[in-house]
Amino acid sequence: AQSVTQLGSHVSVSEGALVLLRCNYSSSVPPYLFWYVQYPNQGLQLLLKYTSAATLVKGINGFEAEFKKSETSFHLTKPSAHMSDAAEYFCAVSPHSGGYQKVTFGTGTKLQVIP
Amino acid sequence: KAGVTQTPRYLIKTRGQQVTLSCSPISGHRSVSWYQQTPGQGLQFLFEYFSETQRNKGNFPGRFSGRQFSNSRSEMNVSTLELGDSALYLCASSSPSNEQFFGPGTRLTVL
């Protein structure tokens with residue numbers, strides 16, 4: 001069984017401030033972990049993914065996430081928020097045991113960037 | 001490679017009608033998943049097909065069904081439409097490393 005919990009359905013930050021979006025996972029086997037971003041009226045697109053190669057993962061648009069096994073967390077961060085970062089962000093998990101495994105998504109966090 | 005395509009992009013139907021949505025995955029991807037997204041319920045998993053077989057199913061009524069063809073293209077059907085079925089329907093195809101690639105979605109409005 002696997003699941004992800006995203007703390008905070010809405011997060012507001014000032015432009016230039018640190019972005020921190022929280023994700024905790026539950027998985028009975030070593031996981032793959034993903035962060036996706038969705039802009040209004042579009043599909044989701046991959047920001048970054050953890051596949052056990054390195055615990056600190058860098059993604060597109062200056063985002064990064066750190067896999068912490070002891071805390072079962074995979075929080076998404078960006079040092080300085082930009083207006084264009086306003087979107088909805090989804091954390092997702094799948095088993096790290098073979099291909100084409102089921103992917104489970106969190107409920108999403110809407111990020112608002114205040115000028 | 002071409003991305004995931006979904007047709008149509010927009011649909012307007014009336015209550016009681018049925019609708020069929022289509023999804024063409026990225027070439028070589030064998031798994032296709034469908035999601036319903038609404039402002040109230042967020043992103044909800046409908047079902048997943050792999051090599052023409054439904055492998056996983058979310059908690060939706062039997063009015064929601066799907067299928068996958070031998071070329072991995074997938075369709076989903078909703079019968080006896082209700083107002084609450086108005087949503088963005090997203091299709092995603094999976095790579096062997098479980099990365100999901102999403103299409104732009106079909107916006108269904110039920111009047």
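Keep in mind the model is a prediction, meaning the values are calculated, not measured. Chain letters run A, B, ... following the sequence lines, proteins first and then strands; every chain starts at 1.
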Enquirer: Would you compute the distance between atom CZ of A/Phe67 and atom OH of A/Tyr32 and round it to the nearest 0.5 angstrom?
Expert: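 One gets 12.5 Å once the value is rounded to the nearest 0.5 Å.
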
Enquirer: Do the rings of B/Phe102 and A/Phe105 sit parallel, tilted or perpendicular, given the 30° and 60° boundaries?
Expert: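 Answer is perpendicular, since the angle exceeds 60°.
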
Enquirer: Around atom NZ of B/Lys57, are there more than 12 heavy atoms from other residues, nucleotides or ligands closer than 6.0 Å?
Expert: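 Yes, because the 6.0 Å sphere around NZ of B/Lys57 holds more than 12 heavy atoms from other groups.
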
Enquirer: Are there over 12 heavy-atom neighbours, none belonging to B/Arg73, within less than 6.0 Å of that residue's CZ?
Expert: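 Yes - once you tally the heavy atoms of other residues, nucleotides and ligands closer than 6.0 Å, there are more than 12.
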
Enquirer: Consider side chain to side chain contact (heavy atoms under 4.5 Å, CB included). Of A/Leu56, A/Val57, A/Leu76, A/Thr77, which one does A/Glu66 pass it with?
Expert: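 Single side chain to side chain contact (heavy atoms under 4.5 Å, CB included) partner of A/Glu66 among A/Leu56, A/Val57, A/Leu76, A/Thr77: A/Leu56.
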
Enquirer: Using every non-hydrogen atom in the two residues, find where B/Phe50 and B/Arg55 come nearest and quote the distance to one decimal.
Expert: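 Between these two residues, the closest heavy atoms are CB-NE, 3.4 Å.
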
Enquirer: Checking an interface table here. Which of residues 11-22 of chain B come within a heavy-atom distance under 4.5 Å of chain A?
Expert: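 Within residues 11-22 of chain B, no residue comes under 4.5 Å of chain A, counting heavy atoms only.
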
Enquirer: Where on A/Gln45 is there a heavy atom nearer than 4.5 Å to chain B: the side chain, the backbone, both, or neither?
Expert: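 For A/Gln45, there is no contact with chain B at all, as no heavy atom is under 4.5 Å.
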
Enquirer: B/Gln37 versus chain A, heavy atoms under 4.5 Å apart: side chain, backbone, both or neither?
Expert: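 The side chain, not the backbone.
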
Enquirer: Hydrophobic cluster membership, with links at side-chain heavy-atom distances under 4.5 Å among I/L/V/M/F/W/Y: are B/Tyr35 and B/Leu108 in one?
Expert: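 Different clusters: B/Tyr35 never reaches B/Leu108 through Ile, Leu, Val, Met, Phe, Trp or Tyr contacts under 4.5 Å.
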
Enquirer: Which atoms of A/Leu46 come close to chain B, meaning under 4.5 Å heavy atom to heavy atom: side chain ones, backbone ones, both, or neither?
Expert: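 Answer is side chain: those atoms of A/Leu46 sit under 4.5 Å from chain B.
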
